[in-house]
K.L.:
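Here it is, the structure in full.
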Amino acid sequence: MRIWLITILLALAACQQPPARDALVRGAAENPPEALSKWNLLEIDAGTLRPARDGIVYELATPLFSDYAHKLRSIHVPAGTAIRYGEDAFTFPVGTIITKTFYYPVADASSGDRTAVRRVARPAEETELDLHRVRLLETRLLVNTRAGWIALPYVWNDSQTEATLELAGAAFELDLIDDRTREPFLYEVPDANQCASCHAVDFAEQRIAPIGIKARHLNRDIARSHGAVNQLAQWSRTGILTGAPDTAHAPQNARWDDPSQDLNARARAYLDINCGHCHSATAAANTSGLLLNASETNPIRLGRCKVPVATGRGSGTGAFDIVPGSPDESILLQRIMSTEPDIAMPEIGRSVVHAEGVVLIRSWIRSMSGGCDVP
């Protein structure tokens with residue numbers, strides 16, 4: 001009788017445990033969990049959100065701009081496996097999950113108003129979040145299944161206790177506040193297909209892949225409690241990355257907002273992360289002839305005196321993507337400065353203009369010498 005009772009209690013306890021993550025990965029394409037908590041990727045304790053213990057928080061040298069949203073990024077690699085280094089792309093073991101949680105600092109934590117959020121030009125690089133001081137909006141997952149990567153968008157509830165799967169996306173009406181202005185805007189959570197449109201690095205095969213987790217974005221020092229560490233070196237030491245060279249021999253993007261670094265390197269890094277995933281030889285915007293990924297070296301393909309292809313309203317009154325020395329005549333800058341549909345670039349992922357990014361690209365174009373011969 002006692003053995004039978006113990007068996008029943010153990011069975012009940014097992015039923016209450018969340019399913020193993022590898023089982024969730026196997027079923028992710030057809031039957032992903034509705035609740036983010038089922039994945040056991042993030043944990044909330046005493047009002048603090050942090051990645052689960054098997055997650056590694058990482059930062060990019062230059063991140064994608066998303067309406068001034070802050071991002072807590074983590075990667076979770078199955079035990080006993082490792083990522084294989086590649087200079088332009090890593091190879092990830094099946095079961096790898098990447099999380100990106102989007103949030104804002106609330107403008108006044110004591111007021112209870114969670115629609116007024118703070119505009120910060122250089123977001124803090126956090127390893128955990130105080131939920132009394134921030135507003136969580138969404139957590140996006142990239143899950144590497146045997147059939148390839150899939151994207152899953154989860155949207156946080158008002159009480160900041162759970163995020164639920166929203167394949168159709170969502171929207172939040174918020175106000176961006178700084179010391180001088182209050183700007184209402186619509187923060188949009190992309191649907192699953194829109195996630196794939198950016199992450200489809202191979203447009204012909206519609207195969208999606210991570211954008212940020214590449215050597216050139218990760219090869220930088222990050223501050224941790226025990227001091228500054230280089231991320232690539234740290235990943236190699238912990239064993240989740242194999243085959244990486246010494247960091248001095250790995251590619252490295254500049255920080256877009258570090259004025260001590262070279263202006264051209266900063267602008268190229270900014271265009272690489274914000275535009276290069278579409279504007280590359282294999283991605284969706286390859287037919288435009290404007291290639292903005294980091295490896296491109298041809299000045300015409302980078303936009304210099306290049307006549308736009310089928311831009312419609314996007315070309316405005318401009319004749320060339322970039323007119324050296326003349327940022328206001330350059331279509332590239334005009335599209336970065338716009339929020340109008342069919343004109344704004346990137347096409348999705350932002351509802352407001354990135355003022356600091358505009359200053360950077362304007363300065364970069366102004367620094368170019370030459371000009372273009374107009375037919």
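Numbering of residues begins at 1 and proceeds along the displayed sequence.
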K.L.:
Does the side chain of L292 reach to within under 4.5 Å of the side chain of D272, using non-hydrogen atoms?
P.N.:
no
K.L.:
What orientation do W256 and H354 show, parallel under 30°, tilted 30 to 60°, or perpendicular over 60°?
P.N.:
perpendicular
K.L.:
What I want to find out is whether R220 reaches E125 closely enough, with some N-O distance under 4.0 Å, to be called a salt bridge.
P.N.:
yes
K.L.:
Pick out which of D45, I44, L129 makes a side-chain contact (heavy atoms from CB on, under 4.5 Å) with R50.
P.N.:
D45
K.L.:
With side chain to side chain contact (heavy atoms under 4.5 Å, CB included) as the test, would you mind laying out the steps for L136 and V134 before giving the verdict?
P.N.:
CA-CA 6 Å; L136 302 177; V134 305; 4.3 Å; yes
K.L.:
Stepwise, does the side chain to side chain donor-acceptor pair (under 3.5 Å) test hold for Y187 with E173?
P.N.:
CA-CA 6 Å; Y187 179 94; E173 293 183 353; over 6 Å; no
K.L.:
For C305 versus P324, what's the shortest heavy-atom pair and its separation?
P.N.:
SG-CD, 3.8 Å
K.L.:
Ignoring hydrogens and geometry beyond distance, is a side-chain donor-acceptor pair present between N293 and E296 at under 3.5 Å?
P.N.:
no
K.L.:
Restricting to non-hydrogen atoms, name the atom on A294 and the atom on N253 that form the minimum distance, rounded to 0.1 Å.
P.N.:
CB-OD1, 4.3 Å
K.L.:
Determine, stepwise, if the pair N157 / T161 fulfils side chain to side chain donor-acceptor pair (under 3.5 Å).
P.N.:
CA-CA 7 Å; N157 59 19; T161 56; 3.0 Å; yes
K.L.:
Any ion pair linking R266 and D257 (charged N to carboxylate O, less than 4.0 Å)?
P.N.:
no
K.L.:
Show the numbers, then the answer: is there a side chain to side chain contact (heavy atoms under 4.5 Å, CB included) between N286 and T282?
P.N.:
CA-CA 6 Å; N286 65 337; T282 60; over 6 Å; no
K.L.:
For residues Y85 and P245, determine if any side-chain heavy atom of one lies less than 4.5 Å from a side-chain heavy atom of the other.
P.N.:
yes
K.L.:
Could you report the tightest heavy-atom contact between S351 and T339, atom names first, then the distance?
P.N.:
O-CG2, 3.5 Å
K.L.:
Using ring-ring contact (aromatic ring centres under 6.0 Å, His included), reason through W156 and Y103 one step at a time and then give a plain yes or no.
P.N.:
CA-CA 10 Å; W156 285 90; Y103 68 97; over 10 Å; no
K.L.:
Looking at NZ of K71 and OG of S66, how far apart are the two atoms once the value is rounded to the nearest 0.5 Å?
P.N.:
3.0 Å
K.L.:
Strictly by modelled atom types, are D113 and S111 linked by a side-chain donor-acceptor pair under 3.5 Å?
P.N.:
no
K.L.:
Does a donor on one side chain and an acceptor on the other come within less than 3.5 Å for H76 and S74?
P.N.:
yes
K.L.:
Considering residues, nucleotides and ligands other than I300, do more than 12 of their heavy atoms fall under 6.0 Å from its CD1?
P.N.:
no
K.L.:
Drop me the distance from N230's CG to I222's CD1, to the nearest 0.5 angstrom.
P.N.:
8.5 Å
K.L.:
What distance separates T127 OG1 from I56 CD1, expressed to the nearest 0.5 Å?
P.N.:
13.0 Å
K.L.:
If you count every heavy atom of other residues, nucleotides or ligands that lies below 6.0 Å from E347 atom CD, does the total exceed 12?
P.N.:
no
K.L.:
If only side-chain N and O atoms count, and only distance matters, is there a donor-acceptor pair under 3.5 Å linking E162 with S37?
P.N.:
yes
K.L.:
Taking side chain as C-beta onward, heavy atoms only, is R26 less than 4.5 Å from T145?
P.N.:
no
K.L.:
State, to 0.1 Å, how close P51 and L72 come at their nearest heavy-atom pair, and which atoms those are.
P.N.:
CD-CD2, 4.2 Å
K.L.:
If we only count heavy atoms from C-beta on, is the F172 to L137 side-chain gap below 4.5 Å?
P.N.:
yes
K.L.:
Give me the ring orientation class for Y68 and F65: parallel if the planes are under 30° apart, tilted from 30 to 60°, perpendicular past 60°.
P.N.:
perpendicular
K.L.:
Counting neighbours of CG on D158 that are heavy atoms of other residues, nucleotides or ligands and sit closer than 6.0 Å, is the number greater than 12?
P.N.:
no
K.L.:
Please round to the nearest 0.5 Å and tell me the distance separating atom SG of C372 and atom CD1 of I322.
P.N.:
9.0 Å
K.L.:
Using a strict threshold of under 4.0 Å (side-chain N to carboxylate O), is an ion pair present between R21 and D54?
P.N.:
yes
K.L.:
May I ask you to test the L176-V117 pair for a side-chain heavy-atom distance under 4.5 Å?
P.N.:
yes
K.L.:
Would you say CZ of R224 has more than 12 non-hydrogen atoms from neighbouring residues, nucleotides or ligands within 6.0 angstrom?
P.N.:
yes
K.L.:
For D321 and R304, what are the C-alpha separation, side-chain angles and deciding distance, and is it a salt bridge (Lys or Arg N to Asp or Glu O under 4.0 Å)?
P.N.:
CA-CA 7 Å; D321 289 333; R304 185 184 179 100; over 6 Å; no
K.L.:
Within the 4.5 Å heavy-atom criterion, are I83 and P93 side-chain neighbours or not?
P.N.:
yes
K.L.:
In terms of side-chain geometry, is the basic nitrogen of E183 or R119 positioned less than 4.0 Å from the acidic oxygen of its partner?
P.N.:
yes
